[in-house]
Novice: 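Let me give you the structure first, and then I'll get to my questions.
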Number of protein chains: 2
Amino acid sequence: MSDMRFQLLETAAALYAERGYEAVSMRDIAKVVGVTQANLYYHFKDKADLIQATLAHVFELRGLSLQGWIAEHPGDQLDAFVRWFVTTLMTDRVFARLLYRELIDGDGERIAMLSRTVLQLPFQVITDAVANGRSAQDAKMVAISYVGFVVGQVLILPLSPGLTGQDDGSENADAVATRLLGLMRSANVEA
Amino acid sequence: MSDMRFQLLETAAALYAERGYEAVSMRDIAKVVGVTQANLYYHFKDKADLIQATLAHVFELRGLSLQGWIAEHPGDQLDAFVRWFVTTLMTDRVFARLLYRELIDGDGERIAMLSRTVLQLPFQVITDAVANGRSAQDAKMVAISYVGFVVGQVLILPLSPGLTGQDDGSENADAVATRLLGLMRSANVEA
DNA sequence: GTCTATATGCGGATAGAC
DNA sequence: GTCTATCCGCATATAGAC
C-alpha cells in the first residue's frame, strides 16, 4: 500500500472514531495529512469508499493483532482472549470507538465484515473453551454472550463516576478483565 | 408543553436515533412535521438546543416508565429491572439507539443527565438486590456490571446471525432476560 | 500523483411580514 | 406562532493543468 494511502486511512480512522463519519469532512482529513481535499479523490472514489476502506484497514489490523496474541498464549484461551479484548477496547480508542459505531450504525454488509475480520476467531476460541458438556448450539450462545459482556462492560465505564459517586474512571483493564473472567467461570461451572 | 413542541421532539428523537445527530438536518425534521425549517427556531434556540431537549424528553419519559414498572413489581426487583431493561432496549428502538449514541458520544454533562434520568433508579435497585453480605462498594461494582451485561447483550444481537451461522435475529426479549438473570444469580451465590 | 479552480447543492441561522 | 426570503459558509465532487 502506498504511503499516502496509508496515512489517509490512519488519519481518517482517528477522526471518524472521535467524531463520527458524518461529522468529519474530506477537508478535515486532507488538512491533517497536509494535502488538498481534491487529492483524496485520486485515492478513494468517494466518501463512502473512504469510510469502507478505513474500517477494513482498522479491523484487519486488529484482527491480526488478536491472532498473534492468541497464538502466543496457548494455555488458557478464554483468559487470553478476554484480556486482549478488554485491554484493546480500553486502550485502543480508535478501534473501540469504530467498533461501537459499527455495532450501532453498520448495515448488514459492514457488520458481516466486522464479524469476519475480528470476531470470527475469538468466537471460535470461546466456543471451544466452553464446549465441554454443552451442545454446539449452547456453546455458541455462551460465546456470543461473553463477547457481549466485554463489549457492555467497557461501554458503561463512563457511567461509573456518576453512579457510584466515586471517580473510578481510572479502573484498569486487568481489573475489569479479571472481574469478568471470574463471573464467566462461576457461571460456567454450574451450567 | 405545546403540541407543536411535543411533535418536534418526538420527530427529532426518531430521526436522531435512526441516523445520528449530524446526519439529520433541521429541514429533515421540519419536513416530517409539516412546518417550515425557520419555525424550529421559534421553539429551540439552535440545533444543539434541540438535541439536548430531545434527549431530556426521551430519557425522562423512559425513566418514568421504569419507575412505574418497578413499583408494580415489588417482588423480585432485580428480575423486574432486567426484564424491563432488556424488553425496552429490544422493542423501543428510539430509546435504545439514543442511549447507545450517548454512551459513545455524550460529553460529561449529557452522560450525567442520562445517569440521573434513567439509570439512577435501576442502579439503586440492583445495589439493594445484591447487597447481602457484600460491602457497599462491592455491591455498586456488581450493579454497574449488571447494567453493562444488559447493554452489551442487546448491542451484540445483530452479530448473532453472522457468528452462529443461524438466523436467530428473532430471539425474543424474555429469552435474553432469562439467560442474563440465570448468569447473574449463579455468579451471585458464589460471591 | 497532486495541484488549482469551480460547479452545485445543502446546511444552520436570521430578518421581518403576517 | 408560523411564514417567506435570504445570507453565507461548508460539503461533496469533478475538470483539467502541471
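Convention: sequence-line order gives letters A, B, ...; per-chain numbering from 1. These numbers come from a predicted model, not from an experiment.
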Novice: Measure the distance from CD1 on B:Ile29 to C1' on C:dA13 and round it to the nearest whole Å.
Specialist: 14 Å
Novice: Please list residues of residues 1-26 of chain A whose heavy atoms come under 4.0 Å from any atom in DNA chain C, ordered by number; otherwise none.
Specialist: A:Met4
Novice: Between the side chain of A:Arg110 and the main-chain N/O of A:Gln52, is any donor-acceptor distance below 3.5 Å?
Specialist: no
Novice: To the nearest Å, give me how far apart CZ (B:Arg27) and P (D:dC3) are.
Specialist: 14 Å
Novice: With distance as the sole criterion, is a donor-acceptor pair present between the side chains of A:Gln153 and B:Ser145 under 3.5 Å?
Specialist: yes
Novice: Which residue pairs satisfy the salt bridge (Lys or Arg N to Asp or Glu O under 4.0 Å) criterion with at least one member in residues 84-94 of chain B, sequence neighbours excluded?
Specialist: B:Glu18-B:Arg93, B:Arg62-B:Asp92
Novice: Between A:Arg185 and A:Asp79, does the salt bridge (charged side-chain N to carboxylate O under 4.0 Å, His left out) criterion hold? Intermediate values first, please.
Specialist: CA-CA 10 Å; A:Arg185 293 208 182 89; A:Asp79 190 279; 3.3 Å; yes
Novice: Just to be sure I understand the geometry, which residues of residues 33-51 of chain B put a non-hydrogen atom under 4.0 Å away from DNA chain D?
Specialist: B:Val35, B:Thr36, B:Ala38, B:Asn39, B:Tyr42, B:His43
Novice: Suppose we screen for ring-ring contact (aromatic ring centres under 6.0 Å, His included). Which residues come up paired with B:Tyr21, at least two apart in sequence or across chains?
Specialist: B:Tyr16
Novice: B:Ser65: what forms a side-chain hydrogen bond (donor to acceptor under 3.5 Å, both in side chains) with it, not counting sequence neighbours?
Specialist: B:Trp84
Novice: Not counting sequence neighbours, which residues clear side-chain hydrogen bond (donor to acceptor under 3.5 Å, both in side chains) with B:His57? List them please.
Specialist: B:Glu10
Novice: What do the steps show when you test B:Tyr146 against B:Leu78 for side chain to side chain contact (heavy atoms under 4.5 Å, CB included), and what is the final call?
Specialist: CA-CA 10 Å; B:Tyr146 284 6; B:Leu78 180 62; 4.0 Å; yes
